[in-house]
Amino acid sequence: GSSTSNETASPSNPVKLSSDDLLVTEEGGVQTITLNRPSKKNAITVKMYEDITSLLNSSASNPAIKATVVTGNGDYYCSGNDLSNFMNIPPEGPEKLAADSAILLRNFVSSLIRYPKPLVACVNGPAVGISVTTLLLFDLVYAADNATFHTPFMQLGQSPEACSSFLYPRIMGPAKSNELLILGRKISAEEAFERNMITRVFPKDELQERVKEIVRELSELPHQSVVKSKALIRSSFTDLLEDANAKECELLRERWLSEECMQAIMKFLEKRK
Amino acid sequence: GSSTSNETASPSNPVKLSSDDLLVTEEGGVQTITLNRPSKKNAITVKMYEDITSLLNSSASNPAIKATVVTGNGDYYCSGNDLSNFMNIPPEGPEKLAADSAILLRNFVSSLIRYPKPLVACVNGPAVGISVTTLLLFDLVYAADNATFHTPFMQLGQSPEACSSFLYPRIMGPAKSNELLILGRKISAEEAFERNMITRVFPKDELQERVKEIVRELSELPHQSVVKSKALIRSSFTDLLEDANAKECELLRERWLSEECMQAIMKFLEKRK
Amino acid sequence: GSSTSNETASPSNPVKLSSDDLLVTEEGGVQTITLNRPSKKNAITVKMYEDITSLLNSSASNPAIKATVVTGNGDYYCSGNDLSNFMNIPPEGPEKLAADSAILLRNFVSSLIRYPKPLVACVNGPAVGISVTTLLLFDLVYAADNATFHTPFMQLGQSPEACSSFLYPRIMGPAKSNELLILGRKISAEEAFERNMITRVFPKDELQERVKEIVRELSELPHQSVVKSKALIRSSFTDLLEDANAKECELLRERWLSEECMQAIMKFLEKRK
């Protein structure tokens, strides 16, 4: 059967969500987390980071859940980190905000690194920033043919996160990795496929149905084989990824307090008005 | 000159083979090992694992051999592990069978990891299971355009072997690696080429001749340059590969004794009747 | 403004070059090093190795330089190591030459590994040997559509250098890596793109202009973001690359003194007459 939970926790989904910004459904052992801020292109707020982290950590040990899918509602998959996250400066000052943000990010990324069951991304449209870099931490990634992939970290005075500084050059070579992480070029779904970032590209109007079929198949495979094989595959990466995650968050904490970053974000927000 | 040895050992090939299931020829310093069970799609038996391991270990130190080619006789390259290997349960019980099989596999894979001379695969048709995963341990891999590559480990309640858990995500990224190792999707020669698993795809009826030319060229290169360069290239991998090999065999030993695996194999064998 | 310096050092470029074999210009914070021996297909001499190493080490700490481009004058990007480097045997004998050459090479490669700012290759035509292997140490690599990539190390009795023994199999898989490093096959710009060696292929007559635009863009990005992100990305590689560099130079030192290598170079030089 299928169930939707957002504001209330349930036995199979004990996480009480903060708002409607995420939708969580469960069907046939598959948990689907839908980014649900279409008017903001599904930009991720502090609460959403916390809730996704909780959902992953909770379902990791929930025997009813065999796999988790992440997707977006509306035209975008996700426009990345909500820049308004930088605006709520606490009384302790920007240093506190930067330190808290680094911990938030590190825990979020760590929950992806350590998720023990198949994690599937269903990229329904353009993806920006952290919604792109995290893709290499998923086990399977399916994208609509109109999806784009864009990581304009330098343009915002920042630096790569979600282990992308480690995984990108290894997966696609430095020459193509730096075109994304340093130059900030936007690429198409087809290019992302050629760069080994995604499993398959599907026509936009077939994507959800195709992913549903694949995930059903996945949930019906011998589960211990799947979970133990994933653990084996991940075992040679985990320490390296956690180390990259720590270094990336430390650099970002520093970057967020830099003049370069503050000016770049200000410029971006003014242009957007 | 050319010579064929199967049941009798010779000075240049001191390995006495157990049966006709392997053919071994030697020509111009190139040893060719042909999987020769076409009626069984060249499925690999316990004896064949042992003989290939011996052939590799023996030719490793034989100065007359400059390179080794592995290919298959008939339509298939190899249908993988012969499942009848699981049927000969010794008096000591299935634990003994699983432990012995894990040692057999580990030694076989180790002989590929440590082979000091060029190792060339000539994939003459469909490849399944361990005949696919081992390809990344070869130095050069040529495939017929009708070859396919299929690793249905989960469907059989098992887990990846031959260092594929380590090498696959590194060579083609996790998103494509998991499509093979976890989902068990079958891919074409062209797709295997795009995923960096193989060197070149040749038309089926040109394959053997093209590989012969390449291997002749290889055997005529300054041999110490080749052997020492291979050792250098392999040096940063060997310990990591042996470690992956050990962990994979340990998990497989456990998997082979699992309810999931026994039921999956039973189901497969019944379907095949 | 733009300035050219070759025989004289200047405040912004304190390196005094040995000859016109390199041209160094600086414009808008971008240093361009042009290999300038078109009659010798830009083969690299001992002096050129020394000068490039000095230019990189010097500009690394020069705040006026935001990025460095390497390109070639004429039809070739670079035909690799000038084999006449092997002809000037010092009074101490070939062992001294081999030892000195290994140190020269190791320092040259190390200056590429450790260069802290964006390093961009503009491959204007065919590239051979060390001018190919070094490309994976650049951050961005753009090639003319008529460029070719060729590393005939075995044919010359030698072995791979510039960390290619480490990076090549990791970037394109062993099957394709060995086709280049062991078999010595020449590939096209399009193939090098598919193998993740280069960022983009441009039409030959657009190359210089396109790279100029990209490098201008690069030099205008928040510089600390770029430099610190590059350091982060490189951090998980540096020790591994320096280790590969050391092992490669040690093997080459040995190879250069081998009978195989001497005969192969002699044969090559005679054929060229």
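Protein chains get the first letters and strands the later ones, always in sequence-line order, with residue 1 at the start of each. What you see below is based on every heavy atom in this structure, not just the backbone, and it leaves out hydrogens, waters and symmetry mates.
Contact annotation: the side chain of A:V123 never approaches that of A:V132 to less than 4.5 Å [non-hydrogen atoms, C-beta and beyond]. When side chains are defined from C-beta on, B:L207 counts as touching B:C122, because their heavy atoms get closer than 4.5 Å. A 4.5 Å side-chain heavy-atom check between B:L97 and B:S101 finds at least one atom pair inside the cut-off. Between A:V120 and A:V70, every side-chain heavy-atom pair lies at or beyond the 4.5 Å cut-off.
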Tell me, with the steps shown, if A:F108 and A:I130 meet side chain to side chain contact (heavy atoms under 4.5 Å, CB included). CA-CA 11 Å; A:F108 170 71; A:I130 192 165; 3.8 Å; yes
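No side-chain donor-acceptor contact under 3.5 Å links B:S84 to the backbone of B:M87.
Only the side chain of A:L221 comes within less than 4.5 Å of a heavy atom of chain B; its backbone N, CA, C and O stay farther away. For B:I182, the parts lying near chain A are the backbone and the side chain together; criterion is any non-hydrogen pair under 4.5 Å. Interface residue A:M197: only backbone heavy atoms are found under 4.5 Å from chain B. Contact of A:I171 with chain B is made through the side chain alone, with heavy-atom distances under 4.5 Å. The part of B:L181 that comes within reach of chain A is its side chain, from C-beta onward, which places non-hydrogen atoms under 4.5 angstrom from that chain.
Listed options A:V141, A:L135, A:L140 were ranked by heavy-atom pairs under 4.5 angstrom with chain B; first place goes to A:L140.
In terms of heavy atoms, A:V128 sits closest to A:P152 at CG1-CD, 4.0 Å. Nearest approach of A:F149 to A:A143, heavy atoms of both residues: CZ-CB, 4.0 Å.
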Extract the chain B to chain A donor-acceptor pairs under 3.5 Å, no hydrogen or angle test applied.
| residue | atom | partner | partner atom | Å |
| --- | --- | --- | --- | --- |
| B:G157 | O | A:S225 | OG | 2.7 |
| B:Q158 | N | A:S225 | OG | 3.2 |
| B:Q158 | O | A:S225 | OG | 3.0 |
| B:R170 | NH1 | A:S236 | OG | 3.1 |
| B:R170 | NH2 | A:S236 | O | 3.4 |
| B:R170 | NH2 | A:S236 | OG | 3.3 |
| B:A175 | O | A:T199 | OG1 | 2.8 |
| B:K176 | NZ | A:F193 | O | 2.6 |
| B:K176 | NZ | A:N196 | OD1 | 2.9 |
| B:N178 | ND2 | A:D139 | O | 2.9 |
| B:E179 | OE1 | A:R200 | NH2 | 3.3 |
| B:E179 | OE2 | A:R200 | NE | 2.7 |
| B:E179 | OE2 | A:R200 | NH2 | 3.4 |
| B:R185 | NH1 | A:E217 | OE2 | 2.8 |
| B:R185 | NH2 | A:E217 | OE1 | 3.1 |
| B:E191 | OE2 | A:R200 | NH1 | 3.1 |
| B:E191 | OE2 | A:R200 | NH2 | 3.1 |
| B:K247 | NZ | A:S235 | OG | 2.9 |
| B:E254 | OE2 | A:K228 | NZ | 2.6 |
| B:R255 | NH1 | A:S225 | OG | 2.8 |
| B:E260 | OE1 | A:Q224 | N | 3.4 |
| B:E260 | OE1 | A:S225 | N | 3.0 |
| B:E260 | OE2 | A:H223 | N | 3.0 |
| B:E260 | OE2 | A:Q224 | N | 2.9 |

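Partners of A:P116 by side-chain contact (heavy atoms from CB on, under 4.5 Å), not counting sequence neighbours, listed by chain and number: A:A60.
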